[in-house]
Asker: 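Handing you a structure now.
Note that the structure is predicted; figures quoted are calculated from it, not measured.
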Amino acid sequence: MAASAHVSTIRSLYKRILVLHRFLPIHLRALGDQYVKEEFRRHKSAAAEEVKSFLSEWENYKNTLQAQVLESAGRQRGAVTFGADLPEETLGQFQDEQIGQLYELMLESTKPNKQFDIHEDSR
C-alpha cells in the first residue's frame, strides 16, 4: 500500500508541474515539458536517498513556479518573469552531470533561435 501511495504522490507532482508549464511562454513550456519528462523517466529506478532529494527539489520547483504563476495572473503576458537564481551553496552540491544539464538548459532557454518552432494559437 505504501508503494502505491508513493507512486501516486510522484504522479501527482509530475502532472501538477506539467499543468503549471501551460502558463509559461510557449518555447519555455516545450523545453520544460521535455526536461521534466526526461528527468522523471531517468529517476524511475533511482536509489531511495536520491529519490528523496529528487522529489524535494521538484517540489521546490513546483512551489516556486506556482507562486510565480499566481503572482503573474494580473499582469500582461509580456511583463511576466519566470525562474529563480540558484544560491552558490546549492550549486556546490550538484554533480558534474547536473551542472552540465543546468548549463545546457540555460543556453537553450536564452538563445534567440529556439530549438522548438512552436506557435501559439491566436484564438
Asker: Nearest 0.5 Å please: distance from the CD atom of Glu71 over to the CZ atom of Phe82.
Answerer: 9.5 Å

Asker: What is the minimum heavy-atom distance between Ala46 and Glu50, and which atoms define it?
Answerer: CB-OE1, 3.8 Å

Asker: Hey, are the side chains of Gln101 and Tyr35 touching, using non-hydrogen atoms and a 4.5 Å cut-off?
Answerer: yes

Asker: Quick check: is Phe40 connected to Leu102 through a chain of hydrophobic side chains (ILVMFWY, heavy atoms under 4.5 Å apart)?
Answerer: no

Asker: Test side chain to side chain contact (heavy atoms under 4.5 Å, CB included) on Lys37 and Leu18; report intermediate values, then the result.
Answerer: CA-CA 9 Å; Lys37 289 173 185 177; Leu18 292 179; 4.3 Å; yes

Asker: Looking at CD1 of Ile10 and NE2 of His43, how far apart are the two atoms once the value is rounded to the nearest 0.5 Å?
Answerer: 11.0 Å

Asker: If you define the side chain from C-beta out and look only at heavy atoms, does anything of His6 sit under 4.5 Å from Leu55?
Answerer: yes

Asker: Main chain of Leu20, side chain of Gln66: is a donor-acceptor contact present, judged purely on distance under 3.5 Å?
Answerer: no

Asker: In terms of hydrophobic clustering (I, L, V, M, F, W, Y; side-chain heavy atoms under 4.5 Å; direct or indirect links), are Leu70 and Phe23 co-clustered?
Answerer: no

Asker: Is Lys62 salt-bridged to Glu59, cutoff N-O under 4.0 Å?
Answerer: yes

Asker: Could you give the distance from CD1 (Ile99) to CE (Met106), rounded to the nearest 0.5 Å?
Answerer: 11.0 Å

Asker: Would you say Thr9's side chain and Ala5's backbone share a donor-acceptor pair under 3.5 angstrom?
Answerer: yes

Asker: How about Gln93 and Glu89: does a side-chain donor come under 3.5 Å of a side-chain acceptor?
Answerer: no

Asker: For the side chain of Thr64 and the backbone of Asn60, is there at least one donor-acceptor N/O pair under 3.5 Å apart?
Answerer: yes

Asker: Quick one: does Glu39's side chain get under 4.5 Å of Val36's, heavy atoms only?
Answerer: no

Asker: With clusters defined by side-chain heavy atoms of hydrophobic residues (ILVMFWY) lying less than 4.5 Å apart, directly or transitively, does Leu24 cluster with Leu105?
Answerer: yes

Asker: Charged N to carboxylate O below 4.0 Å: is that the case for Arg29 and Asp33?
Answerer: yes

Asker: Can you measure from CG (Leu13) to OG (Ser8) and round to the nearest 0.5 angstrom?
Answerer: 11.0 Å

